[in-house]
Amino acid sequence: MAKEVPVLKAVPRDRIGSRYAKRLRTAGRLPAVVYGHGSVPMSVSLCQHETLLHLKKGEKVFTIDIEGQATETCLVKDLQFGFLGDNVIHVDLTRVNLDEFVNARIHLDFAGSPEGAKKTGTIVVHMTSEIVIRCKVRDMPDSIRVDVSTMGDVLTVGQIKLPAGIEAVTPGNTMLVQLQTIAEVAVAEAATGTGATAPEVLTAKKDDEAGKDAKAPAGDKKK
Amino acid sequence: MSGLMPKRVKFRKQQRGKLKGCATRGNYVAFGDYGLQTLEPHWLSARQIEAGRIAAQHFLRRQGKIYIRVFPDKPISKKPLETRMGKGKADVDYWAARIKPGTMLFEVAGVPEDLAKQALARIAYKMPVRCRFVGRRLAV
């Protein structure tokens, strides 16, 4: 979490539904919902530009200043994406206390280059770039820096150093980074070029059955 | 017929079907760091997928890992030339993947952004549809 919790001004939404949400988006607003802590869920809209700037930085905790209502500390719970899968169209915010323990998905910043990756044909594959952690909202980092320069062939969740007050929920044996040796291109091409010319058909009739079927209609015609 | 195709199928031939709407699944970078996303619907043949893979692999040599996110599982039949209509559905000509706008076609991992961009551009030349280069989306 940044030293200061960013403040986002929110306006309550009187009318809900996809048509009104679409109009808000064209006006530069981002539809959102605030829920949790036993209070009534509230539909609000945020400034799209400002919210996306904070989200791209990796910030997840915001102070939502709702117009004409109380200020709430909220954690980003979910994002909805548009039809091409990358533009944020809706944000779910859940009410939290800064001293409350929460689970959150945090981005990993990989720094350095592993020694083993300097060999020809060896590449660094990031199996996942985020892990789930459990910590106080106050201690939540925007991202976790992971130094991969000293890693062996594999780096797992259990091998990374987490900041104080943070524990990993993702199992310790989950692979984060792996060094893979890429086979020669020619070998790969040969592997895909060979194989069956047609797939096996599970419902295909056997030769005997097919023969009977072929004869049956001929008999019908004679009658 | 060779290249990518299913190992076994329930039925030999399929009806054509429709390609309506946008992709709701497989529309984000899941395995690699960067991806090539289609902006148009199309039947992408196994040969086109293979051409894209070869183009990128020859460019990247042994530097990065390429993920193919689509698989040609739809048999497309075609009547031979100068054949009269009728006499049943024709034999399978090729296998195709149904792609809708937003489908991630290829992903690249283990290379810097500029190299990934060049590799995916080479794939895009081989594709019969407009494509765009994308990175990983915001995570929560």
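Proteins get letters first, then strands, A, B, ... in listed order; numbering begins at 1 in each. Just the heavy atoms: all of them, side chains too, but no hydrogens, waters or symmetry mates, feed the values below.
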Do other residues, nucleotides or ligands put more than 12 heavy atoms under 6.0 Å from A:Tyr35 OH?
yes
Separation of B:Leu138 CG from A:Lys57 NZ (nearest 0.5 Å):
13.0 Å
Note: vs chain A, highest number of non-hydrogen pairs under 4.5 angstrom among B:Gly21, B:Gly135, B:Gly64 is B:Gly64
Of the backbone (N, CA, C, O) and the side chain (C-beta and beyond), which part of A:Val125 lies under 4.5 Å from a heavy atom of chain B, both, or neither?
side chain
Any chance CZ of B:Arg98 has more than 12 other-residue heavy atoms, nucleotides or ligands included, within less than 6.0 Å?
yes
If we ignore hydrogens and angles and just use 3.5 Å, is the side chain of B:Arg137 paired with the main-chain N or O of A:Gly85 as donor and acceptor?
yes
Pairwise distance CG(A:Leu84) to CE(B:Met104) - rounded to 0.5 angstrom:
9.0 Å
Nearest heavy-atom approach of B:Pro6 to A:Pro199 is O-CB, 3.1 Å
The interface call for A:Asp78 against chain B, heavy-atom contacts under 4.5 Å, is backbone
Examine whether an atom of B:Leu60 lies under 4.5 Å from a heavy atom of chain A, and if so say whether it belongs to the side chain, the backbone or both; otherwise answer neither.
neither
Are any of the side-chain nitrogens in A:Asp86 or B:Arg132 under 4.0 Å away from the carboxylate oxygens of its partner?
yes
In Å and rounded to the nearest 0.5 Å, what is the CG to NZ distance from A:Leu202 to B:Lys10?
8.0 Å
Do you know the tightest heavy-atom contact between A:Ala198 and B:Met5?
CA-SD, 4.0 Å
Could you check whether atom CZ of A:Arg134 has more than 12 heavy atoms from other residues, nucleotides or ligands sitting under 6.0 Å from it?
yes
Nearest 0.5 Å please: distance from the CG atom of B:Asp33 over to the CZ atom of A:Phe110.
9.5 Å
Interatomic spacing from CD in A:Glu200 to NZ in B:Lys7 - rounded to 0.5 Å:
11.5 Å
Is it the case that atom NZ in B:Lys79 sees more than 12 heavy atoms from other parts of the structure closer than 6.0 Å?
yes
Among B:Tyr28, B:Phe31, B:Phe11, which residue has the highest count of heavy-atom pairs closer than 4.5 Å to chain A?
B:Phe11
Residues B:Asn27 and A:Phe83: closest non-hydrogen pair is ND2-O, 4.2 Å
Which bit of A:His126 is near chain B, if near means a heavy-atom gap under 4.5 Å: side chain, backbone, both or neither?
both
Identify which of A:Thr128, A:Ile106, A:Asn87, A:Leu79 forms the greatest number of heavy-atom pairs closer than 4.5 Å to chain B.
A:Leu79
Measure distances from A:Lys60 to the heavy atoms of chain B and classify the residue's part below 4.5 Å as side chain, backbone, both or neither.
side chain
With a cut-off of 6.0 Å (strictly less than), are more than 12 heavy atoms of other residues, nucleotides or ligands near NZ of A:Lys22?
no
Got a sec: does the NZ of A:Lys9 have more than 12 other heavy atoms crowding it under 6.0 Å?
no
